[in-house]
Participant: 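Structure below; questions to follow.
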There are 2 protein chains.
Amino acid sequence: MGTRRQLEGLPEDADLRRADSLAREIFSDVANKWALLIIEALGDRTLRFSELRDEVDGISHKMLTQNLRMLERNGLLDRRIHPTVPPKVEYTLTGPGRALRTTIDAMCAWTHRNLTHIEASRNRFDT
Amino acid sequence: MGTRRQLEGLPEDADLRRADSLAREIFSDVANKWALLIIEALGDRTLRFSELRDEVDGISHKMLTQNLRMLERNGLLDRRIHPTVPPKVEYTLTGPGRALRTTIDAMCAWTHRNLTHIEASRNRFDT
DNA sequence: CCGGATCCAATATGATACTG
DNA sequence: CAGTATCATATTGGATCCGG
């Protein structure tokens, strides 16, 4: 493991640092309320922009487009434009997107399993 | 399932709505970069405030306290104050906190598994 | 219908100074 | 050392208008 590293300088360290900062960047993109809710809402369906806006409760036009662009850029969803009039744009999770969704599912399940514990803790704390 | 509901009015619906809005609230608290990174950094260790600040790369004093308070309020971590001088405060994940951590672990693993796919997708998109 | 651009308000965040 | 308070700044988010 350390051999090549010693011969060639510090390329492995540099690679690791680059990978880490990239991982952190991706994490910062993905680990936000709207992105996670969008992925969860999409599931394994194919939805139009307006359908997504209806599904994700409380999201604004702007946040939806912004996050959809970001998720598309990161390859988590496909954006398919139908050249009709009026235009029709459909979104579908990609393989990696669906994989991430299963972890979000786990998070949602966790939330529901712990609703009462959390509510109780909040009441205790707020006094 | 619908019987009691019809007899008593709509209590189950009301309960469900309340549970949903609570779930959403909790999700909004937890699904943010700093909260997730703090939980992940803590793992099953017990760390002091200053140790956590060192572990969570780039977090500010303020964001750390703010998120620690929030996580404590939601019962995801314990805050133990040692009445010494200088003061010493230690943080540990609770049961629910540790359970949530396993889902965050999955998310981190996903990130690393998909680094190259995502980087490639980004490069494609940015042209 | 989709989504970009703009303007404006609200909020998040960082730096700093101060207290027990 | 841990935490609060304050202020300045940056970022987010919402409303709205316009163009393809």
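Just so it is clear, the values below take in all heavy atoms, side chains as well, and ignore hydrogens, waters and symmetry mates. Labels below follow one simple rule: chain letters A, B, ... track the order of the sequence lines, proteins then strands, and each chain is numbered from 1.
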Participant: On the nucleotide C:dC1, are OP1 or OP2 found under 4.0 Å from the side-chain N or O atoms that A:T84 carries?
Facilitator: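 Negative; the distance criterion is not met.
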
Participant: Give the intermediate values and the outcome of salt bridge (Lys or Arg N to Asp or Glu O under 4.0 Å) for residues A:R101 and A:D105.
Facilitator: CA-CA 6 Å; A:R101 180 171 87 89; A:D105 284 345; 3.4 Å; yes

Participant: Kindly point out which of C:dC1, D:dG3, C:dG3 is positioned nearest to the side chain of A:R79?
Facilitator: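 So the nucleotide nearest the side chain must be C:dG3.
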
Participant: How close or far is atom P of D:dT11 from atom NZ of A:K33, stated in whole angstroms?
Facilitator: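 So the NZ-P distance, A:K33 to D:dT11, works out to 20 Å.
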
Participant: Taking the nucleotide of DNA chain D with the nearest heavy atom to each, does A:P87 or A:N67 sit closer to the 5' end?
Facilitator: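 Mapping each residue to its closest nucleotide by heavy atoms, the 5'-most match is A:N67.
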
Participant: What nucleotide among C:dG3, D:dC1, D:dA2 has an atom nearest to a side-chain atom of B:P86?
Facilitator: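 Nearest nucleotide to the side chain: D:dC1.
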
Participant: Could you state the CE-C1' distance from B:M63 to C:dT11, rounded to the nearest angstrom?
Facilitator: 10 Å

Participant: Using atom CG of B:L52 as one end and atom C1' of D:dG3 as the other, report the distance to the nearest whole Å.
Facilitator: 14 Å

Participant: Which nucleotide sits closest to the side chain of B:S60: C:dG3, D:dC1, C:dG14?
Facilitator: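 Ranking C:dG3, D:dC1, C:dG14 by closest atom to the B:S60 side chain puts C:dG14 first.
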
Participant: Is the shortest side-chain N to carboxylate O distance from A:D44 to A:R98 below 4.0 Å?
Facilitator: no

Participant: Compare the minimum distances between each of C:dG4, C:dG14, C:dC1 and the side chain of A:T65, then state the nucleotide with the smallest one.
Facilitator: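 Per side-chain heavy atoms of A:T65, the pick is C:dG4.
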
Participant: Considering only heavy atoms and no angle criterion, is a donor-acceptor pair shorter than 3.5 Å present between the side chain of A:H61 and the base of C:dG3?
Facilitator: yes

Participant: Once you round it to whole Å, what is the distance between P of D:dA2 and CZ of B:R80?
Facilitator: 16 Å

Participant: Between A:Y91 and C:dC2, does any side-chain N or O lie under 4.0 Å from OP1 or OP2?
Facilitator: no

Participant: To the nearest 0.5 Å, what is the distance between CG (A:D20) and CG (B:L115)?
Facilitator: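 Taking CG in A:D20 and CG in B:L115, the distance rounds to 8.5 Å.
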
Participant: Between atom CD in A:E51 and atom P in C:dG3, what is the gap in whole Å?
Facilitator: 13 Å

Participant: Does a sphere of radius 6.0 Å around CZ in A:R69 hold more than 12 heavy atoms from other residues, nucleotides or ligands, not counting ones at 6.0 Å or beyond?
Facilitator: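 More than 12 within 6.0 Å, yes.
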
Participant: Starting from C1' on C:dA12, measure out to CG on A:N32 and report it in whole angstrom.
Facilitator: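 Nearest whole value for this atom pair: 14 Å.
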
Participant: Which of the following nucleotides, D:dA2, D:dG3, C:dC2, is nearest to the side chain of B:R48?
Facilitator: D:dA2

Participant: Considering only side-chain heavy atoms of B:K62, which listed nucleotide, C:dT13, C:dC2, D:dC1, is closest?
Facilitator: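 Closest nucleotide to the B:K62 side chain: C:dT13.
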
Participant: Mind checking if B:R53 touches a base, just sugar-phosphate, or nothing, with heavy atoms under 4.0 Å?
Facilitator: nothing

Participant: Any chance you could lay out the side chain to side chain donor-acceptor pair (under 3.5 Å) test for A:T103 and B:T103, step after step, and finish with the verdict?
Facilitator: CA-CA 6 Å; A:T103 81; B:T103 81; over 6 Å; no

